**Student:** 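This structure is in structure tokens; I'll ask about it shortly.
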2 protein chains.
Amino acid sequence: MDESEFLAGYDPRAYPAVAVTVDVVALTIRGGGLRVLLIRRAEQPHAGLWALPGGFIRPGEDLPQAAARELAEETGLSDRVHIEQLASYGAPERDPRMRIVSISYLAFAPDLPDPRAGSDAADASWHPVDKLPELAFDHDRILAHGLERARGKLEYTPLATAFAGERFTISELRGVYETVWGVSLHAGNFHRKILSVPGFVESTGETTESGGARGGPRAKLYRAGDARLLHPALLRPAREEQIR
Amino acid sequence: MDESEFLAGYDPRAYPAVAVTVDVVALTIRGGGLRVLLIRRAEQPHAGLWALPGGFIRPGEDLPQAAARELAEETGLSDRVHIEQLASYGAPERDPRMRIVSISYLAFAPDLPDPRAGSDAADASWHPVDKLPELAFDHDRILAHGLERARGKLEYTPLATAFAGERFTISELRGVYETVWGVSLHAGNFHRKILSVPGFVESTGETTESGGARGGPRAKLYRAGDARLLHPALLRPAREEQIR
DNA sequence: CTAATAGTGTCTATTAGACAATATATG
DNA sequence: CATATATTGTCTAATAGACACTATTAG
């Protein structure tokens, strides 16, 4: 038997097991900023550190199902939440216990009630993404990846509406873009742009009950439209440093 | 111990093992069309069916490393190949042997030599993506996902240059776009557009040795530039059916 | 009233794309 | 020479973004 025959006959069941987890980057907008759901680990390893919610997949359970379950365990919510696969991480030493491959998911939700700590967590809360504690494992990298994905998807998908409530004003939608992108956008141009993208929002015919907190007319209320892609897209102001 | 405590204490090592594989969607342009590398399975399950190259990850091996190894085993090449993570698949019954989670990778290469079959494959060859045989497991879904990713990435990254050789003409680059997107593009407008995107291509100062096969002047030769994102992007002609 | 906000109008620069023109190869 | 291709020029429509303006509401 030469080397290639040996390798072809490699049987993973003969080796120390690999475990598979899902980890969820759940984002929401709260207190004027973008926040991520973190749990404080109750168990070793990294007990006491903050981490993304997640856990081992169970027999018979598909990956998206596992991600939704992990999220629901902390937030109690599963509807009104957009969830999609982000990426997978499998560096051999990323978990000290054993070889663990993590499939990460990205979730977007409107402002949710306070999370409850699952029984494997000492605490759970929404953390501003620009003021993060030290994270367990490689979760800082996963989170950074999730943030970049979210920022990009705002450009060409109607994802922003997943951060808003059932009905929203154009200003609220602009607030989502400004918060996630960390920029300020011109109100007038943004307004016209949104209404010019077919299927992004549709009018409810209603308006807000009152004007803004500091004055201004009542705003028209919209709901999410049926577009799955925005055309033309809403592009972020170009950042030269991102291009090269 | 209530249910949540039980679930928190769930230990994956107490259950039947999960295995992790990598599968590679390797694309190239050959014979005027887009092709994908497939191997004919020599072993059960699905012996005799075509499948994406892939296999179990090995102890101590990171995921991208495993993908590069699997690709190299079939093609003999590892440099000049762009490789990136695509997505993960973990439906419980996707492999009849046991619970297998697959991390898929997407690879792009210029026209490569004929593949050699690895020892776990009866055959290996480049198949036109528009005339595919039946595929093993859920590999048709993985491949479809890879194709859509590749088409999208041509828009906003310099990926097309990964399909071309070291030096290429603007016409060759246009051929890549036309082949991957399956459309025909206006030569003049494409030419000017490419040169207007900063960092996409840079001139070598050379030209082709002779004109085209059926006449025409010698074309200038370019190499890939240093841009990582194309700005402005080269958008595919909008397709209304994709938007809704 | 004053200040802030919603929504609309207008103008300019950029870009995509249709179409034409010119020069240079092949056969 | 006839024809194909590379490259450049010109024009039009769509779009992004700067800026201005009006109407409406909170305080």
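Chain letters run A, B, ... following the sequence lines, proteins first and then strands; every chain starts at 1. Quick caveat, the model's predicted, so the values are computed rather than measured.
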**Student:** Please report the distance, rounded to the nearest Å, between CG in B/Leu221 and C1' in D/dT7.
**Tutor:** 15 Å
**Student:** What is the separation between atom CG on B/Leu235 and atom C1' on D/dT15, rounded to the nearest whole Å?
**Tutor:**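 It is 12 Å, rounded to the nearest whole Å.
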**Student:** Rounded to the nearest 0.5 Å, what separates atom CG in B/Leu86 from atom CZ in B/Arg149?
**Tutor:**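 Nearest 0.5 Å value for the CG-CZ distance: 5.0 Å.
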**Student:** Output the rounded distance in Å from NZ (B/Lys220) to C1' (C/dT24).
**Tutor:** 13 Å
**Student:** Provide the Watson-Crick or G-U wobble partner of D/dG27, both distances under 3.5 Å; none if there is no partner.
**Tutor:** C/dC1
**Student:** Verify the neighbour count for atom CD of A/Glu84: are there more than 12 heavy atoms of other residues, nucleotides or ligands below 6.0 Å?
**Tutor:** yes
**Student:** When all nucleic acid strands are considered with a 4.0 Å heavy-atom cut-off, which category describes B/Ser171: base, sugar-phosphate, or nothing?
**Tutor:**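 B/Ser171: backbone/sugar contact only, no base atoms under 4.0 Å.
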**Student:** Tell me: CD of B/Glu209 to P of D/dT5, nearest whole Å?
**Tutor:**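 These atoms are roughly 20 Å apart.
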**Student:** Quick check on side-chain contact (heavy atoms from CB on, under 4.5 Å): which of B/Val24, B/Asp140, B/Val36 does B/Leu52 satisfy it with?
**Tutor:**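 Checked B/Val24, B/Asp140, B/Val36 against B/Leu52; only one passes side-chain contact (heavy atoms from CB on, under 4.5 Å): B/Val36.
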**Student:** Look at atom CZ of B/Arg141 and say whether more than 12 heavy atoms of other residues, nucleotides or ligands are closer to it than 6.0 Å.
**Tutor:**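 Counting other residues, nucleotides and ligands, CZ of B/Arg141 stays at 12 neighbours or fewer.
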**Student:** What is the separation between atom NE2 on B/His186 and atom P on D/dT7, rounded to the nearest whole Å?
**Tutor:**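 Between P of D/dT7 and NE2 of B/His186: 14 Å.
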**Student:** Given C/dT15, D/dA6, D/dA23, which nucleotide is nearest the side-chain atoms of A/Pro217?
**Tutor:** D/dA23
**Student:** For B/Arg214 and B/Gly188, take the nucleotide of DNA chain C holding the closest heavy atom to each; which residue's nucleotide lies nearer the 5' end?
**Tutor:**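 Mapping each residue to its closest nucleotide by heavy atoms, the 5'-most match is B/Gly188.
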**Student:** Could you pick out which residue, B/Ser210 or A/Tyr222, lies toward the 5' side of DNA chain C when each is mapped onto its nearest nucleotide?
**Tutor:** A/Tyr222
**Student:** Taking donor-acceptor contacts at under 3.5 Å, does the side chain of A/Arg192 reach the base of D/dG17?
**Tutor:**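 Such a pair does not exist between side chain and base.
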**Student:** Mind checking if A/Ala187 touches a base, just sugar-phosphate, or nothing, with heavy atoms under 4.0 Å?
**Tutor:** nothing
**Student:** Nearest whole angstrom, please: distance from the C1' of C/dG7 to the CD of A/Glu172.
**Tutor:** 16 Å
**Student:** By the 4.0 Å heavy-atom rule, please label B/Ser196 as base, sugar-phosphate, or nothing.
**Tutor:** nothing
**Student:** Using whole Å, report how far CD of A/Glu155 lies from P of D/dT15.
**Tutor:** 17 Å
**Student:** Taking only side-chain N and O atoms of B/His191, does any of them lie within less than 4.0 angstrom of OP1 or OP2 on D/dA6?
**Tutor:** no
**Student:** Need one value for A/Gly211: base, sugar-phosphate or nothing, where a base atom within 4.0 Å counts as base even if backbone is also close, heavy atoms only.
**Tutor:**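 A/Gly211: backbone/sugar contact only, no base atoms under 4.0 Å.
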**Student:** So, are A/Glu148 and A/Arg236 salt-bridged, with charged N and O less than 4.0 Å apart?
**Tutor:** yes
**Student:** Under 4.0 angstrom, heavy atoms only, what part of the nucleic acid is A/Arg218 near: base, sugar-phosphate, or nothing?
**Tutor:**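 Answer is sugar-phosphate: A/Arg218 comes under 4.0 Å of backbone atoms only.
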**Student:** It should be established whether A/Arg174 places a side-chain nitrogen or oxygen under 4.0 Å from OP1 or OP2 of nucleotide C/dA6.
**Tutor:**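 Indeed, a polar side-chain atom of A/Arg174 lies that close.
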**Student:** Without decimals, in angstroms, what is the distance between B/Phe190 CZ and D/dT8 P?
**Tutor:**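 From B/Phe190 CZ to D/dT8 P: 15 Å.
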**Student:** Among the candidates D/dT25, D/dA6, D/dC19, find the nucleotide nearest to the side-chain atoms of A/Asn189.
**Tutor:**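 Nearest to the side-chain atoms of A/Asn189, counting from C-beta on, is D/dC19.
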**Student:** For the pair B/Ser104 (side chain) and B/Ser88 (backbone), establish whether a donor and an acceptor sit closer than 3.5 Å, ignoring hydrogens and angles.
**Tutor:**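 Judged by distance alone, no pair lies under 3.5 Å.
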